[in-house]
Amino acid sequence: MKKYLAIFRIRFINSLQYRAAALAGMATQFAWGFMEILAFLAFYKADPAAFPMEFSQTVSYIWMQQAFLALFMVWFFEAEIFNAITSGGIAYELARPVDLYWRWFSQSVANRLAKTVLRCLPIFIVAMLVPGPFRMSLPATHGQFLLFLVSAAFSLGVVVSFSMLIYISTFYTLSSTGVRIISAVLADFLAGAIIPLPFFPQPFRAIAEMLPFAAMQNMPLRIYSGNITGINAFRGIGLQVFWLIALILIGRYMINDALRKVVVQGG
Amino acid sequence: MIRLEGINKTFRVARRKSGFGRAVRALLSREHETIHALRDVSFTIEDGEMVGYIGPNGAGKSTTIKIMCGILTPDSGKCEINGRTPWRERIAHVRDIGVVFGQRSQLWWDVPVWDSFDLIRDIYKVDAREYKRNLDELVTLLDLAEILKTPTRNLSLGQRMRCELAASLLHNPKILFLDEPTIGLDAVSKLAVRQFIKKLNAEQGVTIILTTHDMQDIEALTQRILLIGKGRILLDGSLEELKKSSSQRKTIVFEYTGKDPALCEGMTSVEGREGRLVVSLEPSICSVSEAIAYISAQVEVIDISVSGISAEEMVAGLYREYHI
């Protein structure tokens with residue numbers, strides 16, 4: 001366990017170094033957040049009755065999403081892992097007494113956390129200070145906030161274990177670009193990164209809410225904003241646990257198969 | 001102890017000739033070719049040996065090293081290192097070995113070298129006191145004191161290679177695999193690295209397997225040479241033995257004043273111009289002293305140098321001989 005913490009630690013400090021990237025990212029996220037809220041506001045004004053979430057819930061959903069972008073977005077891949085596989089740097093990683101799956105898992109979690117730590121605070125502060133309908137609200141109860149934290153942790157686990165499948169597929173395809181783009185677009189859409197899942201039409205929504213993608217940002221953001229409460233929140237966390245375990249099992253099976261057939265690239 | 005018996009490894013490679021049309025056709029059906037990277041490779045290396053593993057590019061050196069490190073699984077054959085099969089018990093096996101791949105880096109790019117070392121300590125669970133002792137020793141031997149605080153990206157190649165060597169030794173490995181450790185280094189760094197490797201083998205009895213294209217590495221370091229070509233082990237012996245078997249010819253360089261001397265039987269002129277003569281000599285026909293006497297009888301000799309075949313020439317000769 002200690003060695004995976006050590007990997008976590010070095011990845012974390014390594015990621016903390018990129019301050020300019022964090023500033024640029026934050027600027028983008030502010031702009032994006034405002035635009036998204038403006039768009040939803042226009043829809044809301046057109047017909048509040050047809051709006052499946054309360055407007056304040058939608059606003060909180062968007063701000064939290066922007067603050068935790070690096071935590072929940074599937075497309076925040078670890079470029080290093082793709083490089084290690086395609087250029088053969090993996091030779092060194094296999095020459096160490098560590099389990100490659102958990103090594104990459106801890107590395108990904110560390111990278112996402114470090115990037116989030118750098119970016120989330122300024123976004124929170126601004127989101128709390130902006131006027132009127134743009135302002136982010138706090139959760140109604142402490143319990144709700146606690147459930148959000150638990151769900152956020154599982155969500156990170158599901159996102160990382162899903163990205164692991166993409167990393168491992170690179171052993172077979174060698175060029176990750178295609179799988180990366182398709183999976184990122186699909187996951188973004190189905191996880192509610194573009195529009196929240198309640199906006200999906202039935203019966204499409206019912207199916208989407210069962211998929212592993214629903215166990216990503218959809219769950220913690222809707223719990224935080226108060227769209228999912230009480231027993232439904234527990235049921236949602238149950239779904240997250242299920243998908244986390246399933247994705248880890250699939251990933252472990254895949255990596256063992258890949259390593260048996262592995263070809264270390266480049267002499 | 002390292003023992004390989006009948007190791008085979010093949011790779012399937014997609015091949016096509018160049019050109020747009022062929023590239024389009026390859027989208028539909030691909031032609032694969034099977035490359036035999038290793039064929040029936042067998043050898044034994046005892047504890048504390050230092051072995052040079054040589055062969056031209058693509059001969060299978062790195063593949064063998066990767067199999068011995070547990071990274072690749074061979075198609076068939078047996079490999080036992082300290083009682084374990086590397087690819088079956090990878091994690092237990094790699095605890096006892098150190099590896100340096102000269103063309104890759106194991107150090108984290110954007111953080112000081114120190115942090116990478118700490119990570120290695122935690123991964124191998126090196127005891128704190130032992131770690132400090134190893135580190136102090138490596139820092140002195142490889143002159144790392146100033147470098148450790150620098151991020152890897154700011155190191156020169158020579159500095160980085162010294163750090164890579166240190167990194168692979170922090171956990172006291174019994175076997176060290178060095179895959180082209182001196183590639184791209186300048187003369188001073190090469191000497192430092194060689195000296196260090198030599199010391200490590202002599203004083204701590206670490207078994208060292210070294211692949212290189214630098215014949216000075218081989219001459220300076222190894223007692224035993226394994227020659228591999230096209231996936232087969234072609235020769236296994238000491239450098240001296242190989243030199244003897246490959247050729248006894250000597251090269252003699254004369255500098256002289258006077259008219260051009262005549263040559264006797266057994267001598268062939270390699271290079272001759274006013275005042276300088278390079279002769280290749282077959283000692284079974286004409287001994288070195290006879291040759292010197294023969295030439296000095298004709299001209300005023302100013303300087304003479306006699307040399308045997310260099311390791312470089314020997315290896316080039318071997319490659320030619322085995323058509324690899």
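Bear in mind that the values here come from a model prediction, so they are computed numbers and not experimental data. Below, read A as the first sequence line, B as the second, and so on, with proteins coming before strands; counting in each chain starts at 1.
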Under 4.5 Å to a heavy atom of chain B? For A/E80 that would be side chain
Flag the pair B/I123 / A/I7 as yes when at least one side-chain heavy-atom distance between them is below 4.5 Å, and no otherwise.
yes
Using modelled atom types and a 3.5 Å cut-off, is there a donor and acceptor pairing between side-chain atoms of B/R90 and backbone atoms of A/V98?
yes
Check: A/K3 and B/Y124 side chains under 4.5 Å, non-hydrogen atoms:
no
Please table the atom pairs, donor to acceptor, closer than 3.5 Å between any side-chain atom in residues 152-168 of chain A and protein atoms at least two apart or in another chain.
| residue | atom | partner | partner atom | Å |
| --- | --- | --- | --- | --- |
| A/S155 | OG | A/M216 | O | 3.2 |
| A/S161 | OG | A/G157 | O | 2.9 |
| A/S161 | OG | A/V158 | O | 3.1 |
| A/S163 | OG | A/V159 | O | 2.6 |
| A/Y167 | OH | A/E78 | N | 2.9 |

Winner by heavy-atom pair count (cut-off under 4.5 Å) against chain A, out of B/P86, B/S105, B/G98
B/S105
Around atom CH2 of A/W102, are there more than 12 heavy atoms of other residues, nucleotides or ligands at under 6.0 Å?
yes
If I measure from the heavy atoms of chain A, does B/I97 come under 4.5 Å with its side chain, its backbone, both, or neither?
neither
Test salt bridge (charged side-chain N to carboxylate O under 4.0 Å, His left out) on B/D122 and A/K2; report intermediate values, then the result.
CA-CA 7 Å; B/D122 292 339; A/K2 197 185 164 202; 3.6 Å; yes
Heavy-atom cut-off 4.5 Å, strictly under: side chain, backbone, both or neither for A/R103 against chain B?
side chain
Once rounded to the nearest 0.5 Å, what's the spacing between atom CD1 of B/I91 and atom CZ of A/R96?
13.0 Å
Should A/R9 and B/L119 be marked as a side chain to side chain contact (heavy atoms under 4.5 Å, CB included) after you check the CA-CA gap, both sets of side-chain angles, and the distance that decides it?
CA-CA 9 Å; A/R9 191 180 150 271; B/L119 174 68; over 6 Å; no
B/R3 atom CZ, over 12 foreign heavy atoms within 6.0 Å:
no
Sequence-distant partners of B/Y131, ring-ring contact (aromatic ring centres under 6.0 Å, His included), two or more places apart
none
Go through the atoms of B/E89 and report whether side chain, backbone, both or neither lie under 4.5 Å from a heavy atom of chain A.
neither
Determine whether a donor-acceptor pair (N or O, by modelled atom type, separation under 3.5 Å) exists between the side chain of B/R104 and the backbone of A/S87.
yes
Looking only at non-hydrogen atoms, find the nearest pair between A/P97 and B/V94 and report the distance.
N-CG2, 3.3 Å
May I ask you to list the residues in residues 13-21 of chain A that approach chain B closer than 4.5 angstrom, counting heavy atoms only, ordered by number?
A/I13, A/N14, A/Q17, A/Y18
Within the 4.5 Å heavy-atom criterion, are B/K66 and A/L94 side-chain neighbours or not?
no
For B/F117, ring-ring contact (aromatic ring centres under 6.0 Å, His included) partners two or more places apart
none
A/Y172 atom OH, over 12 foreign heavy atoms within 6.0 Å:
yes
Check whether any side-chain heavy atom of A/R260 lies under 4.5 Å from a side-chain heavy atom of B/W87, and answer yes or no.
no
Beyond-backbone contact of A/Y92 with B/V100, side-chain heavy atoms, under 4.5 angstrom:
yes
